[in-house]
There are 2 protein chains.
Amino acid sequence: MEHDLDQTFALLARTPAALNALLRDLPEAWIDRNEGGDTWTATQVVGHLVHCERVDWLARAKRILEFGESQPFNPVNRDAYLEEEKPAPLAELLDEFARLRAANLDELRAMRIDSTKLAQRGLHRVFGPVTLSQLLATWATHDMTHLHQISRILAYQYRDAVGPWIAYLGVLHCAGHSS
Amino acid sequence: MEHDLDQTFALLARTPAALNALLRDLPEAWIDRNEGGDTWTATQVVGHLVHCERVDWLARAKRILEFGESQPFNPVNRDAYLEEEKPAPLAELLDEFARLRAANLDELRAMRIDSTKLAQRGLHRVFGPVTLSQLLATWATHDMTHLHQISRILAYQYRDAVGPWIAYLGVLHCAGHSS
């Protein structure tokens, strides 16, 4: 379907509560284990979402509206959370994600985005010109990519425990494309 | 990791609230669209989870403890929700899922499952002997498979809207193994 701003707001508004309901107070065995190698834990995924909420999405929307294609977006540091000296625990990250998301959506609403603004373009360093509409659709879809990843990380911890049922559990056959 | 009953309870207890936070009152464009062909909508996935909660998981656990390998499990009708004459709306399904899950977990706790019971075997018509431990681990992992699927169904609706960002959004490259 076409991008629809009301639908984007609706989904963006729900992700923090969904992650909170899924993850808060889960035993460490669920939230602090990864899928092997240098993959992320569920906690690290939420840390990444907090980082994006802090420095990425809204800053890019503003850059499009203020500078168009004349100033490319800043690159995102995907590993910012992992590089923190004292990474915050999951409960704090969930609180911070909810707080930042609500504030960002308030600010986005105050920008009174209409179809003219949605069609405005910014400059992505890899893709070239992209529209505000594409950026906002990506923001919501990026939430889903990481919810997809978290469900896979959790399932992965039981890959042996399920025995022969592994054949029927699609999430255990996911190729990890959403890391 | 090994199956751990407390961890299984913790995850099983959270899924209904997570789906509720994600899906309740979302616009129809999110919840009533599928990934094309005969794939499921988010609403249909929740209908499937309700059906499993009603007829599958707890019934299988009881069959293992009462009949061991002498009586195979009943097959699951994966399309039960789709075949209902008057399929319930999503809000009712979310309520029903939460109610049934809580009741099933209460009943499971009352069964006082210990390591001896976890090792008891039942008979799966395809896999042959399976343990109660494997069944319970599968119950929790099955939740994750369908959360994985729902995140993918929602993302799919914006596969065009995100423009070139599709390259970075792993969920849009998922092969649909979790349907």
Side-chain angles (χ1 to χ4, degrees), chain A residues 1-4 6-8 10-11 14-15 17-23 25-27 29-30 33 124 126-128 130-131 133-135 137-138 140-142 144-145 147-152 154-155 157-165 167-179, chain B residues 1-4 6-8 10-11 14-15 17-23 25-27 29-30 33 124 126-128 130-131 133-135 137-138 140-142 144-145 147-152 154-155 157-165 167-179:
Chain A
M1 64 187 176
E2 304 262 314
H3 178 237
D4 178 299
D6 288 339
Q7 285 166 206
T8 299
L11 194 54
R14 279 165 175 77
T15 315
L19 289 180
N20 187 69
L22 181 65
L23 299 175
D25 298 328
L26 264 189
W30 288 124
R33 296 192 192 189
H124 188 282
V126 175
F127 302 139
V130 289
T131 64
S133 171
Q134 288 168 341
L135 176 77
T138 300
T141 311
H142 180 261
M144 292 304 103
T145 259
L147 181 59
H148 187 255
Q149 182 185 13
I150 286 171
S151 66
R152 196 186 65 224
L154 298 180
Q157 311 313 322
Y158 267 4
R159 69 198 180 284
D160 297 325
V162 298
W165 266 292
Y168 288 178
L169 293 163
V171 67
L172 293 172
H173 301 277
C174 181
H177 37 239
S178 55
S179 63
Chain B
M1 65 187 177
E2 303 262 312
H3 178 238
D4 178 299
D6 289 338
Q7 284 167 206
T8 299
L11 193 54
R14 280 165 174 76
T15 316
L19 290 180
N20 187 70
L22 181 65
L23 299 176
D25 299 327
L26 265 188
W30 289 123
R33 297 193 192 186
H124 188 283
V126 176
F127 302 137
V130 288
T131 64
S133 171
Q134 288 168 340
L135 176 77
T138 300
T141 312
H142 179 261
M144 293 303 103
T145 260
L147 181 59
H148 188 255
Q149 181 184 14
I150 286 171
S151 66
R152 196 187 64 226
L154 297 180
Q157 311 312 321
Y158 269 1
R159 68 197 179 285
D160 297 325
V162 298
W165 266 293
Y168 288 178
L169 292 162
V171 67
L172 292 172
H173 301 276
C174 181
H177 36 238
S178 56
S179 62

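Note that the structure is a prediction, hence the values are computed from the model and not measured. First the proteins, then the strands, lettered A, B, ... as listed; each starts at 1.
- Within the 4.5 angstrom heavy-atom criterion, atoms from both the backbone and the side chain of A:Leu11 approach chain B.
- Contact of the A:Arg14 side chain with the B:Asp25 side chain is registered, since non-hydrogen atoms from C-beta on lie closer than 4.5 Å.
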Trace of the side chain to side chain contact (heavy atoms under 4.5 Å, CB included) decision for A:Met144 with B:Leu22: CA-CA 10 Å; A:Met144 292 304 103; B:Leu22 181 65; 4.0 Å; yes
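- Considering only heavy atoms from C-beta on, A:Leu172 stays 4.5 Å or farther from B:His148 through its side chain.
- The side-chain heavy atoms of A:Leu154 and B:Leu147, taken from C-beta on, include no pair separated by under 4.5 Å.
- In terms of heavy atoms, A:Arg159 sits closest to B:Met1 at NH1-N, 4.5 Å.
- In this structure, chain A has no heavy atom under 4.5 Å from any part of B:Asn20.
- Classified by interplanar angle (parallel below 30°, tilted 30° to 60°, perpendicular above 60°), the ring pair A:Tyr168/B:Phe127 is tilted.
- In terms of heavy-atom proximity, B:Thr141 sits nearest to A:Ala155 at CG2-CB, 3.8 Å.
- Atom NE2 of residue B:His3 and atom CG of residue A:Asp160 lie 13.0 Å apart, to the nearest 0.5 angstrom.
- Counting heavy atoms from C-beta outward, B:Trp165 and A:His142 have side chains that stay 4.5 Å or more apart.
- Of all non-hydrogen atoms in B:Trp30 and A:Gln7, the two that sit nearest each other are NE1-O, 2.9 Å.
- When heavy atoms are compared at a cutoff of 4.5 Å, B:Leu135 approaches chain A by way of both its backbone and its side chain.
- The choice from A:Ile150, A:Asp4, A:Val126, A:Thr131 that makes the most heavy-atom pairs within less than 4.5 Å of chain B is A:Asp4.
- Contacts between B:Glu2 and chain A at a heavy-atom distance below 4.5 Å involve the backbone alone (N, CA, C, O).
- Neither the backbone nor the side chain of A:Leu19 comes within less than 4.5 Å of any heavy atom in chain B.
- At a threshold of 4.5 Å between non-hydrogen side-chain atoms, the residues B:Pro164 and A:His124 do not count as touching.
- When the candidates B:Gly128, B:Ala21, B:Ala140, B:Pro27 are compared by the number of heavy-atom contacts under 4.5 Å with chain A, B:Ala21 comes out ahead.
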